[in-house]
2 protein chains.
Amino acid sequence: MAQAIRVQQVSPLKASCHQCSLSNLCLPLAVEENDLDRLEDIVQQGKIYNRGEHIFDQSTPFRSCFAVKSGSVKTSIITEGGEEQVTGFFMPGELIGLDSMSSETYACTAKALERTSVCEFPVDKLEELTGKLPELQHHMYHLMSQEIQNSHQLAMLLSKNTAEERIAALLLSLSSRFRRRRMSATNFSLPMARNDIANFLGLAVETVSRVFTRFQNQGIIKARGREVELLDVEALQMVTRDFARQGSQ
Amino acid sequence: MAQAIRVQQVSPLKASCHQCSLSNLCLPLAVEENDLDRLEDIVQQGKIYNRGEHIFDQSTPFRSCFAVKSGSVKTSIITEGGEEQVTGFFMPGELIGLDSMSSETYACTAKALERTSVCEFPVDKLEELTGKLPELQHHMYHLMSQEIQNSHQLAMLLSKNTAEERIAALLLSLSSRFRRRRMSATNFSLPMARNDIANFLGLAVETVSRVFTRFQNQGIIKARGREVELLDVEALQMVTRDFARQGSQ
DNA sequence: CAACGACATTGATCATGGTCAAGTATAACA
DNA sequence: TGTTATACTTGACCATGATCAATGTCGTTG
């Protein structure tokens, strides 16, 4: 007993998928208990990044996908003109890099929004493994398909919805993702800056600010800086009209 | 020789992947000549749909992915409120249904824009086969990843670009896709209505119309109904500013 | 060939949200 | 603990594209 604990302490970076609290969200979700070792064989666990550090950079050779273990990550595309487009925010258990699997280089840049640890899955080994574990392959298809759907939902949000609707939708999406991770769904701290929110939702920072204060005046939320409290979730859902991205990123 | 031709004529629906002119764009692209038979075993070829007919419907049980063989297809999501969001246009050789692989039901509706024939790949068999053919698996990852990238590009277009830029981008995308299929890149017929273009690009129909005539007045294109001629591709590229979706859908 | 319906174009007006500018709060650092 | 840089908020004004309304064109069918 004491030995088992000691082993764990001696090699904290090798903490196994077996005892990771995210195993019900992350890749291990799809793998049988006895095959989990094979997944552990290919993963490099526990890399740590500080706020603002890049996990990978666009146009750099694509090697690995990454699962967020703790903290949070923002992905974005930089155009030739130097404009940034935020393509997603990622929370613990979510997989980054799926959009790069068609190219030799990363299709976007991933940046830690706070102190963040990630697990790295080299793609060559991952592909080899999914070829052997049908369940894992299925899960990969599942995740990638989900990513497509999310992106379609985002496109829809951008093309059809008002500023208020977009922001309400984002708040609700974050809320349900926090809930899944057993954190408060009504009381959380936004990992990203207003700027990132604006960019992600295709708005100006000023507009985001204005909508936040408007929601606040209506008693729907309480916000001070990045600290947010959802006071009236029903009202938020009303704002989003017909919007179906409930439990997904 | 004559026999070979006769066989082909007797069973036109069973025309093989081997002799399909799209094999360099479609799934066979990834498969060794000797493994092609296994792909043929699972595919149902040559289903024909008339203009306006649905290939599959949102919320219907998800069974298969489809490759366009000839014609063209539009996919769209219908929200609870009954609003439509066009998520993509598909041309011969392109694969439809990848966004549904994470759900029990189709995530969108696919509609033939003209008389269209498609090849059907039942997913259960497809997954089984990709488990055995690493090249095919890799290709599936590739296609899905591409789809994510396309969708991100669309999101970017919607959130950052003006009406003119969006339409120029769409025209260029169509152009390069026609070129790949060995059709004229400057002289083609739009398979979709102005309405679909507007919806896809997050614009009003009227705006699409206006931009078309503006481009025409500037001598950049010539358009009569769905018949389009690109007179000055350079100018179109200028309009799209920093835009990188060259050869992709 | 007439007549209908769907699709497309054009014009006039208006609203949402962008831009510019200034000011305030917060966080990072010496 | 002051000092600066960064993030956020608020206000005034303006532009792009949506909306409403009317007219025009095409293709289909009796």
Side-chain angles (χ1 to χ4, degrees), chain A residues 50-53 74 83-86 111-115 156-171 189-218 221-228 239-241, chain B residues 50-52 74 83-86 111 113-115 156-171 189-218 221-228 239-241:
Chain A
N50 285 317
R51 180 171 200 269
E53 285 180 352
K74 158 186 111 173
E83 272 183 310
E84 181 182 18
Q85 165 74 32
V86 175
K111 195 179 191 178
L113 288 170
E114 54 195 311
R115 193 169 172 79
M156 190 148 123
L157 203 61
L158 293 171
S159 81
K160 298 259 187 298
N161 295 72
T162 66
E164 294 202 350
E165 290 162 348
R166 298 184 207 184
I167 290 172
L170 177 62
L171 288 175
S189 159
L190 297 171
M192 73 295 278
R194 295 281 188 279
N195 228 326
D196 296 324
I197 295 178
N199 188 305
F200 180 64
L201 296 177
L203 299 169
V205 204
E206 295 92 329
T207 305
V208 174
S209 231
R210 277 185 254 269
V211 171
F212 265 80
T213 52
R214 215 177 304 158
F215 280 170
Q216 201 154 210
N217 293 338
Q218 295 169 354
I221 67 169
K222 210 176 106 188
R224 243 193 51 250
R226 298 195 178 182
E227 228 54 48
V228 172
V239 173
T240 57
R241 283 193 305 180
Chain B
N50 286 316
R51 181 172 199 265
K74 157 186 112 173
E83 273 181 310
E84 181 181 17
Q85 165 73 33
V86 175
K111 196 178 189 177
L113 288 169
E114 53 195 311
R115 194 170 172 78
M156 190 148 126
L157 202 62
L158 292 171
S159 81
K160 297 258 186 300
N161 296 72
T162 66
E164 294 200 350
E165 289 162 349
R166 298 184 206 183
I167 290 173
L170 177 63
L171 287 175
S189 159
L190 298 172
M192 73 294 279
R194 295 282 188 279
N195 228 326
D196 295 325
I197 296 179
N199 188 305
F200 180 65
L201 296 177
L203 299 169
V205 204
E206 295 93 328
T207 304
V208 175
S209 232
R210 276 184 254 269
V211 171
F212 265 80
T213 52
R214 214 177 303 158
F215 280 168
Q216 200 155 209
N217 293 339
Q218 296 168 354
I221 67 169
K222 210 176 106 187
R224 245 193 50 251
R226 298 196 177 181
E227 228 53 49
V228 173
V239 174
T240 57
R241 283 192 304 178

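Letters A, B, ... mirror the listed sequences (proteins, then strands); counts begin at 1.
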What is the distance, to the nearest angstrom, from the CG atom on A/Leu203 to the C1' atom on C/dA15? 16 Å
Between B/Asn195 and A/Ala163, which is nearer to the 5' end of DNA chain C once each is assigned its nearest nucleotide? B/Asn195
Take the protein atom CD of A/Glu227 and the nucleotide atom P of C/dT26, then report the distance between them rounded to whole Å. 12 Å
Value in whole Å for how far the P atom of C/dT9 lies from CG of B/Asn217: 12 Å
I need the CZ-P distance between A/Arg214 and D/dG11, as an integer number of Å. 12 Å
Rounded to the nearest 0.5 Å, how far does CD1 of A/Ile167 lie from CG of A/Asn161? 11.5 Å
Can you measure B/Arg224 atom CZ to C/dC7 atom P for me and round it to whole angstrom units? 18 Å
Would a distance-only check, ignoring hydrogens and angles, find a side-chain to backbone donor-acceptor pair under 3.5 Å from A/Glu114 to A/Pro191? no
By nearest atom, which of the nucleotides D/dC8, D/dT19, C/dA8 is closest to the B/Arg194 side chain? C/dA8
A/Ser209 side-chain proximity, nearest of D/dG17, C/dG11, D/dT9: D/dT9
Nearest to the side chain of B/Ala193, which nucleotide is it out of D/dC8, D/dG17, C/dA8? C/dA8
B/Thr207 side chain: which of D/dG17, D/dC20, D/dG11 is closest? D/dG17
Is any NZ, NE, NH1 or NH2 atom of the basic residue among A/Glu84 and A/Lys74 found under 4.0 Å from an Asp or Glu carboxylate oxygen of the other? yes
Charged N to carboxylate O below 4.0 Å: is that the case for B/Lys160 and A/Glu83? no
Which nucleotide in D/dT19, C/dT19, C/dT26 has an atom nearest any side-chain atom of B/Ala204: D/dT19
Between C1' of D/dC8 and CG of A/Leu190, the distance in whole Å: 13 Å
Can you check the A/Leu158 CG to D/dG17 P distance for me, whole Å? 15 Å
Value rounded to 0.5 Å, distance of CD in B/Glu164 from CZ in B/Phe215: 5.0 Å
Using a cut-off of 4.0 Å on non-hydrogen atoms, how would the nucleic acid contact of B/Arg226 be classed: base, sugar-phosphate, or nothing? sugar-phosphate
In whole Å, what is the span from the CG atom of A/Asn161 to the P atom of D/dA18? 14 Å
Candidates C/dG11, C/dA28, D/dT10 - which lies nearest the side chain of A/Glu206: D/dT10
Any N or O donor-acceptor pair under 3.5 Å from the base of D/dT19 to the side chain of B/Arg210? yes
